Amino acid sequence: MRRPLASLGCCAALVLTVLVQSPAGARERELWGSVTIVPGRQGLLEVAGYGGPALGAGSRLTLTVSEPAAVTGTPLADGGYRGAVASDGGTGSYTFTGTTAAGPWSGRTFPFVLSVPADAVPGTRLSACAMVVTDAGGGRRDEGACSVTVGLPEPTLSQPLAGVPLGSRPRTAGTAYPGAQVSVRDQDENEVCSTTAAADGTWWCVPGTDLPSGAGRLQATATFNGVSAASEQIRITVT
């Protein structure tokens, strides 16, 4: 039984890559799709790449995902397709309702909204995910497996304050995923200081050497379990 998902915002860090092998017979062009979503949010996976024969009305593209990922929407705005999502979020599909002459699955992209819950662990790779194209009689015309990687929420850089004159070794601080390695770099990609985010998500560090006088920029990058994310840059002036 799938657990219910909390209300989710939009877009940024899980990666979904679809690798498809054709069924017995000639190998078709691969279906593919990717999306980046952070835990507790949702994003758009656009599936494309079907290269098989034209299929008629009633043919279907179905995406199946495992927990903690879930399908939450099929937003294609095209009257020739009918989207549907299972009540438990385990599958989403598009059924072609037009004519064979339209070539329904070739040269098109099909969007699926995916989400992961807020407690998903960044860097987790989920293997139970699949997609299949079937004809009107339910016969498989293309199929494949996909891998899902949960990404990392963006860190924040709240200190120093932008636009305030600073000393040569200003305290830098912010928030990041608990346990993430945080590196603060300047506009030339030189590391200013680094630390590890505490259990409550807070972090701080102080430069080990003087920053050059004048205008500059700082940005924090967090890394955890093989995935990374960066904060917004802030402008600084060292006096």
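What's counted below: heavy atoms across the whole structure, side chains too, no hydrogens, waters or symmetry copies. Predicted model, so just to flag it, every value in this text is computed and none were measured. Count residues from 1 along the sequence.
Salt bridge status for Arg217 with Glu189: absent, with no side-chain N to carboxylate O gap under 4.0 Å. The pair Asp78-Arg108 meets the salt-bridge criterion, with a side-chain N (NZ, NE, NH1 or NH2) lying under 4.0 Å from an Asp/Glu carboxylate O.
Contact check for Pro160 versus Ile236: side-chain heavy atoms found under the 4.5 Å cut-off. Annotation: side chain of Phe224 is in contact with side chain of Val121 (closest heavy-atom distance under 4.5 Å). Val47 has its side chain within reach of Met131: a pair of non-hydrogen atoms, C-beta onward, lies under 4.5 Å apart. Two residues are said to be in side-chain contact when any heavy atoms from C-beta on lie closer than 4.5 Å; Cys193 and Thr172 meet this criterion. Side-chain atoms of Phe112 and Leu61, non-hydrogen and from C-beta on, do get closer than 4.5 Å to each other. The shortest side-chain heavy-atom distance between Ser158 and Thr175 does not fall under the 4.5 Å cut-off. Side-chain contact between Val182 and Pro155 is absent, with no heavy atoms from C-beta onward closer than 4.5 Å. Counting only heavy atoms from C-beta outward, the side chains of Pro122 and Pro153 approach each other to under 4.5 Å.
Closest of all the heavy-atom pairs between Pro39 and Gly151 is CD-O, 3.5 Å. When all heavy atoms of Leu152 and Ala229 are compared, the closest pair comes out as O-CB, 3.4 Å. Contact record, Asp135 with Arg141: OD2-NH1, 3.5 Å, taken as the closest heavy-atom pair. Closest approach of Val65 to Ala70, counting heavy atoms only: CG2-CA, 3.8 Å. Ala84 and Thr74 get closest at one heavy-atom pair: N-OG1, 3.4 Å. Here the closest non-hydrogen pair linking Leu114 and Val71 is CD2-CG2, 3.7 Å.
Neither Val227 nor Trp203 shares a network with the other; the hydrophobic side chains, linked directly or stepwise wherever heavy atoms of I, L, V, M, F, W or Y lie under 4.5 Å apart, form separate groups for each. Both Val192 and Leu166 are part of a single hydrophobic cluster, where members link through side-chain heavy atoms under 4.5 Å apart. In the hydrophobic clustering of ILVMFWY residues, with side-chain heavy atoms under 4.5 Å counting as a link, Phe96 and Val85 come out together. By the criterion of side-chain heavy atoms lying less than 4.5 angstrom apart, applied directly or through intervening Ile, Leu, Val, Met, Phe, Trp or Tyr residues, Leu55 is grouped together with Leu76 in one hydrophobic cluster.
Exactly one residue among Thr223, Thr196, Thr195 makes a side-chain hydrogen bond (donor to acceptor under 3.5 Å, both in side chains) with Gln181. That residue is Thr196.
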Going through the distances and angles, do Thr95 and Arg82 end up as a side-chain contact (heavy atoms from CB on, under 4.5 Å)?
CA-CA 5 Å; Thr95 301; Arg82 182 179 67 253; 3.8 Å; yes
Glu154/Ser231 under side-chain hydrogen bond (donor to acceptor under 3.5 Å, both in side chains): CA gap, chis, key distance, verdict:
CA-CA 6 Å; Glu154 302 91 338; Ser231 72; over 6 Å; no
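Atom CD1 of Ile234 sits about 10.5 Å away from atom OG1 of Thr156, to the nearest 0.5 Å. Note: Cys205 SG to Glu191 CD = 8.0 Å, rounded to the nearest 0.5 Å.
Taking the six-membered ring where tryptophan is involved, the planes of Trp105 and Phe110 are tilted, since the angle between them lies from 30° to 60°.
Looking at Gln42 and Thr72, their side chains do bring a donor and an acceptor atom within 3.5 Å of each other. No hydrogens or angles considered: nothing links the side chains of Arg185 and Gln219 as a donor-acceptor pair under 3.5 Å.
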